Structure formats: structure tokens, C-alpha cells
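What follows is a short report on a single structure.
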Amino acid sequence: MVRFGKFLKGFYVALMGIFLYAPILTLIVLSFNASKSRAKWSGFTFKWYAALFENEAILQSLWNTIIIALVSSLVATLIGTMASIAMNRMKKLPRQVMMGITNIPMLNADIVTGISLMLLFIMTDFAPGFTSVLLAHITFNIPYVILSVLPKLKQTDRNVFEAAQDLGATPISAFMKVVLPDIFPGILSGFLLAFTMSLDDFVITHFTKGAGVDTISTKVYTELRKGIKPEMYALSTLMFAAVLILLVLINRRRATHEQTVNH
Amino acid sequence: MSDKLIDLINISKSYDGQVVLDEMDLYIRDNEFLTLLGPSGCGKTTTLRIIGGFETPDTGKVIFQGKDITNLPPNQRDLNTVFQKYALFTHMTVEENIAFGLRIKKKSRQYIKDKIDYALKLVNLDGYGKRSVDSLSGGQQQRIAIARAIVNEPKLLLLDEPLGALDLKLRQDMQYELIRLKNELGITFIYVTHDQEEALTMSDTIVVMNQGYIQQIGSPEAIYNEPKNAFVADFIGESNIIDGIMIEDKLVRILGAKFPCVDTGFGTNRPVDVVIRPEDVELVAPEAGTIAGTVTSLIFKGVHYEMDVMANGYEWLVHSTKMFPVGEAVGIHVDPFNIQIMNKPESEDEEAVTIDE
């Protein structure tokens with residue numbers, strides 16, 4: 001009986017693994033498939049990867065993706081952290097109202113956010129392109145930063161900030177020396193979350209980009225509409241691997257950090 | 001006595017229309033251990049925060065060593081604070097915590113090192129310098145918070161319920177520790193607490209506060225033995241507070257019986273509050289007492305027995321080392337010296353309150 005229970009448990013976990021990873025595995029396998037066919041395995045190859053790195057347009061869109069993700073998440077982290085500090089000082093009711101206002105774009109369907117931003121850009125005669133995409137990404141990234149920084153600030157004892165001033169620090173140096181190190185993990189995870197969200201986004205980018213600019217996700221979409229391109233499988237595989245490595249690094253960093261804290 | 005170190009003149013403070021402090025005047029002498037005592041919301045912490053510079057009063061002035069510091073930010077005041085929840089910098093080691101203030105003042109490396117060693121010895125945590133703050137117990141963290149404050153050699157140390165988070169035994173140890181520290185350092189302490197025992201043990205002067213008003217200022221003995229009103233009597237220790245009529249000087253009628261006392265100057269036939277501490281009620285044979293009653297409850301408390309005695313419609317609280325069983329008829333006698341007469345409360349803040357603690 002016990003054995004059967006153990007088997008059921010293992011079976012359940014295996015099933016979950018299959019559901020989660022079967023699609024990605026399929027993609028990875030197909031990216032190494034010698035033929036363009038999605039149905040038949042005709043031998044192992046790297047040629048799609050080689051073709052990928054010869055494609056100027058794809059490399060350009062990869063560059064765009066990284067720059068947009070980096071700049072938008074940095075700017076959003078700065079704005080979001082400052083907003084969190086202000087919100088933390090507010091009384092309960094105004095803070096909750098502010099929280100609601102900043103949460104709405106996050107809960108909103110991407111397509112609504114995308115179309116509204118597009119309409120706004122058109123109305124204000126703002127030429128769609130790299131800058132409009134960047135602004136859009138900053139906009140939807142800010143709530144994620146607030147969401148991870150504000151709880152950290154709330155945990156921080158207000159007296160710590162006061163104690164630093166009591167010991168002679170000016171308010172600014174008190175913030176830099178004692179509050180910032182305390183909330184830094186929140187700021188970092190806010191930044192990483194924003195970075196991931198930006199990398200990930202398709203819908204909002206799709207509506208706010210102009211004709212000439214593409215990020216990886218919009219590029220993949222247009223390429224796939226033109227026909228089967230195994231280079232895209234290769235690209236997706238690489239993106240998956242990149243995210244996987246990033247995730248492992250973050251988790252390891254967190255684990256070692258907790259160890260030193262508990263020590 | 002010596003000079004005023006700090007002088008609070010006509011301080012008022014309200015939050016959202018709610019008055020926390022109302023036209024308070026208070027001065028603190030050099031080298032005094034002064035305790036602000038009162039229930040939560042009495043204004044004691046606000047008073048401390050105004051002195052520390054974390055709050056600005058709506059009216060009034062804070063004079064420190066003869067200078068008006070009302071609008072001076074906390075980092076420019078020559079005083080330090082020990083916070084209730086320690087407020088240590090958790091990302092720094094013990095040493096870095098203690099050095100924080102000295103580094104800002106750009107002291108030399110050697111000076112800082114000597115100071116750290118001295119402070120750690122003073123709080124009995126020699127050798128803990130390299131430890132992380134998180135690895136210390138609550139009591140140890142509190143000592144570090146104290147060390148971090150005193151290395152700056154402040155004229156005045158503010159302590160905001162610093163022992164509130166510690167358990168009973170540790171709290172008692174730390175009380176003696178604080179008295180020792182104060183004597184060794186020779187600096188002025190302003191201590192905030194709601195714990196009357198803590199206040200009685202440590203202070204030179206106690207300031208009893210309620211609802212934003214000072215109720216009484218005095219030595220621990222004066223506060224305990226001669227409370228000015230029902231609130232003070234009730235808040236400092238247990239007591240019997242009974243309605244009475246002052247018949248004439250040195251004679252009061254309580255519960256229909258005449259008790260001789262030592263108070264004068266209340267006029268004739270004037271309603272008053274009478275305070276009698278439970279340990280001052282003597283139980284004697286029924287016919288020997290001023291009034292007679294019956295024991296209704298008996299609890300053993302270790303040092304003494306705690307009894308309730310019903311006499312003339314009032315339940316007297318009695319502490320005695322002699323035991324009288326429930327149901328026994330007893331007489332009540334009170335030494336005239338132990339009867340404390342007070343004026344009836346003139347406002348709500350002077351009334352006795354029931355405190356759950």
C-alpha cells in the first residue's frame with residue numbers, strides 16, 4: 001500500500017513535469033532537426049543556429065530587446081523605488097488608493113494597455129518607434145518595482161532611519177547608509193522582475209512599435225507568419241536557456257545570502 | 001541643586017486634531033535619572049521624540065544647555081536615543097554599529113577602536129565586535145544599542161521603553177545594569193516606560209503623565225506614598241481609593257466611620273478621595289478595628305497574602321503576611337500616617353483608571 005502511494009506520488013510529479021516541459025522539449029528537439037518538417041526527425045544539425053547568427057534583422061531585434069529591457073527596468077526601478085518611499089510615508093488610506101492606482105496597469109489585460117498607449121502616442125503625435133516602446137515598457141514595469149520594494153520598506157523599522165540621524169547622519173546619508181542596504185534585495189528583485197517582464201512582452205510592444213523597430217518577440221511573430229523558420233526554434237531555445245541560467249543564478253544568490261544571514 | 005540641562009516650555013502637540021500634549025512645562029537637571037511614566041497614549045513617547053528632534057512641537061520651546069533647539073534636526077543635537085526595538089543596523093557587524101556615529105564625526109581610526117573596546121566592556125559584551133547583529137539575543141542587542149549611543153558621549157541619553165521587549169528576569173537584570181551605567185558615565189537619562197515598577201526602581205525623579213498632562217512630579221517615594229490624585233494612586237501600585245468626607249483637619253470620615261489622619265488644609269466637611277495602600281491596611285480582631293468586616297477572598301502571593309475584606313459596603317484590598325481565612329470576621333485598622341487624602345478629580349485625566357496589565 002505504502003509502495004503504491006509512493007508510486008502515485010512519483011507518477012503525479014512526472015505527469016506535472018511532462019505537462020510543463022513537453023512543449024519546450026519539443027521546441028528544443030525541433031531546433032536541432034535537420035529538416036524543416038515538424039513531423040519527422042531527419043538528423044541532428046546546428047545549421048539553424050548558424051543561420052540565426054547570420055541574420056542581421058534578428059540580431060538587431062535581439063539588441064533592441066536587451067537595450068529596451070535594460071533601460072526600461074533601470075528607469076522603472078529608479079521611479080518605482082522613489083514612489084515606494086513616498087507611498088510608505090503616506091497614511092493608510094491614501095497609500096491604499098495609490099497602491100490600487102499602480103496595480104491597475106498590472107492587472108489590466110496587456111491588449112488594453114497596448115491599445116491605450118498606442119492611442120495616446122497617436123493623439124500626441126509621438127512618432128512610434130524605439131522611444132515609444134521604451135516609454136511603454138517603463139510604464140508597465142513601474143508597478144512590479146513598487147510591488148517588490150514597498151513590502152521591504154514596510155518591514156524596515158522606521159526607527160532605524162531615525163537612529164542613523166540620531167547618531168549624526170543627515171537624512172540623505174541616513175537613507176543611503178542604513179535604509180538602502182536594507183531594501184536593496186527588494187530593489188534588485190524588482191529590477192529583475194521588470195527586466196523579465198520587459199523581455200517577455202509581446203502585446204504592448206506590438207501596439208506601440210513603429211514599422212522599423214522589432215524586439216525578439218515581435219520578430220518571431222512576423223517571421224512565423226511568413227512560414228516555418230527553424231531559426232526561430234533555435235532562437236526560442238536560446239532564450240529559454242538564457243532565462244534558465246538567469247533563474248539558477250538568482251536562486252543560488254538567494255540561497256547563499258540566506259545562509260549567511262542565518263549563520 | 002544643579003542647573004537645568006533641558007527645559008521644555010509650554011509644549012503642545014496634536015495629531016489630526018487630537019491633543020497629545022497640552023501646554024506642558026518640564027525641566028530636567030544635569031545628571032538626573034528622570035522617568036516619564038504613564039499608560040500608552042499619555043504623551044510620554046511624544047515628549048521624548050520632541051526632545052530627540054523627531055517631532056516638532058506645535059507651540060513652545062525646547063531649551064538645551066541654554067540654547068533653543070526646538071527646530072534643530074536630530075543629527076545636530078548633542079544627545080542620543082536608545083529605541084524600543086533597538087533599531088540596530090542589521091547589515092553591519094556589532095563593531096560597525098557602534099562606530100556609526102564616530103565615523104560620521106570623522107574620528108581617527110585608533111580613537112574609534114578604543115571607543116568600541118571601551119563600550120563593549122561597559123555593556124559586558126567584550127569580544128562580540130565582529131559578530132553580526134542578527135546572531136545576538138534580544139538582551140545583547142539592547143546592550144549594543146546602548147553602546148552605540150554612549151560612545152558619542154552625549155550629554156543626555158533618551159531611552160524609549162528599552163526593556164519592553166525583554167522577558168521579566170532579563171528586564172530586572174538590565175534595570176540594575178542601567179543604574180550602574182548611569183553612575184559610571186555620569187550623564188543624564190530620560191527614560192520612558194509604562195511599567196511603574198521599573199520607574200520606582202531606577203529613577204531619581206518620576207513624571208507621571210496621563211492624557212497629555214503631567215499628573216505629578218516627584219521622587220519615587222513621594223509618588224508612591226503621597227499620590228496627588230486618584231490617577232497617580234491607581235497607576236502606581238495597587239490601592240484602595242475610597243470616597244471620604246474631610247470633617248476637619250486630621251479627621252476623615254470613610255464609609256461612615258471616623259479615621260484619624262495627618263492631612264490638613266482641606267477645610268471642613270469637604271468631599272475627598274482617600275487612598276490607602278493594601279499593605280497599610282491592618283487586620284485585627286473585629287472589636288479592635290475602626291470598622292469591622294468579613295474576609296471574602298484569599299490568595300497566596302509568595303511574599304504576602306492578598307485578601308479582599310467586605311466592610312461597610314466597600315471591598316478592601318489587603319496585603320498581609322498574616323493569613324485570615326475566607327468567612328472570618330475581622331476589624332480594619334489604619335495608621336493615621338498611612339491615610340493619604342486627595343482632592344476629587346477636577347478633570348478626566350486625573351481620574352483613576354482600570355489598567356489591564
Side-chain angles (χ1 to χ4, degrees), chain A residues 81 84-97 148-191 253-263, chain B residues 15-16 45 48-49 51-55 72-93 96-107 130-135 141 144-154 156-162 165:
Chain A
T81 304
S84 305
I85 292 164
M87 282 162 76
N88 190 43
R89 285 295 191 91
M90 285 178 180
K91 294 207 174 109
K92 200 172 177 211
L93 188 69
R95 189 176 64 222
Q96 278 172 341
V97 171
S148 35
V149 175
L150 195 58
K152 269 280 166 199
L153 268 173
K154 274 199 200 152
Q155 273 174 30
T156 309
D157 187 356
R158 232 198 108 174
N159 283 343
V160 167
F161 179 57
E162 290 178 344
Q165 290 179 70
D166 185 76
L167 294 165
T170 59
I172 290 172
S173 97
F175 176 80
M176 295 306 242
K177 281 181 176 154
V178 303
V179 180
L180 199 60
D182 247 20
I183 61 169
F184 190 72
I187 295 177
L188 189 66
S189 65
F191 168 77
R253 196 189 145 273
R254 198 166 285 169
T256 47
H257 180 74
E258 267 161 27
Q259 258 178 9
T260 49
V261 164
N262 290 336
H263 176 67
Chain B
Y15 295 104
D16 302 322
T45 296
L48 199 75
R49 290 176 62 80
I51 299 172
F54 304 113
E55 306 280 351
L72 209 61
N75 54 320
Q76 289 171 32
R77 299 188 178 199
D78 195 10
L79 51 86
N80 287 108
T81 309
V82 177
F83 291 91
Q84 182 169 15
K85 278 178 264 151
Y86 324 138
L88 293 176
F89 311 135
T90 46
H91 60 282
M92 299 182 190
T93 64
E96 287 165 341
N97 265 277
I98 297 174
F100 191 88
L102 300 173
R103 288 207 177 125
I104 285 170
K105 293 184 192 83
K106 305 248 185 299
K107 300 286 186 190
K130 300 273 185 251
R131 294 268 214 113
S132 86
V133 168
D134 290 311
S135 70
Q141 290 194 20
I144 298 303
I146 293 167
R148 182 179 69 177
I150 60 178
V151 288
N152 302 290
E153 298 178 356
L156 174 62
L157 192 64
L158 308 177
L159 301 108
D160 185 8
E161 306 214 20

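We name chains A, B, ... by the order of the sequence lines, and we start the count at 1 in each one. In this text the structure is predicted, and so the values were computed from the model without any measurement. Atom set for the values below is all heavy atoms of this structure, side chains included, hydrogens, waters and symmetry mates excluded.
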Report which part of [X] has an atom under 4.5 Å of a heavy atom belonging to chain A: side chain, backbone, both, or neither.
X: B:Lys85; result: both
X: B:Arg131; result: neither
X: B:Arg103; result: neither
X: B:Asn80; result: both
X: B:Asp16; result: side chain

Problem - Within 6.0 Å of CE in A:Met90, more than 12 heavy atoms from elsewhere - result: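 Counting neighbours around CE of A:Met90, more than 12 heavy atoms of other residues, nucleotides or ligands fall under 6.0 Å, so yes.
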Completion exercise
Taken to the nearest 0.5 Å, the spacing of A:Leu153 CG from A:Arg89 CZ works out to 10.0 Å
Handout entry: Point-to-point distance, once rounded to the nearest 0.5 Å, from NZ of A:Lys177 to OG1 of A:Thr170
Key =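 One finds 7.5 Å between NZ of A:Lys177 and OG1 of A:Thr170.
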Handout entry: B:Ala147 versus B:Ile98, closest heavy-atom pair with distance
Key =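 Smallest interatomic distance, heavy atoms only, reads CB-CD1, 4.0 Å.
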Completion exercise
Honestly, the part of A:Asp157 sitting under 4.5 Å from a heavy atom of chain B is side chain
Exercise for the section: Sort A:Ala174 into side chain, backbone, both or neither according to what part of it lies under 4.5 angstrom from a heavy atom of chain B. Expected result: neither
Handout entry: Chi angles and distances behind the side-chain contact (heavy atoms from CB on, under 4.5 Å) call for A:Val178, A:Thr156
Key = CA-CA 10 Å; A:Val178 303; A:Thr156 309; over 6 Å; no
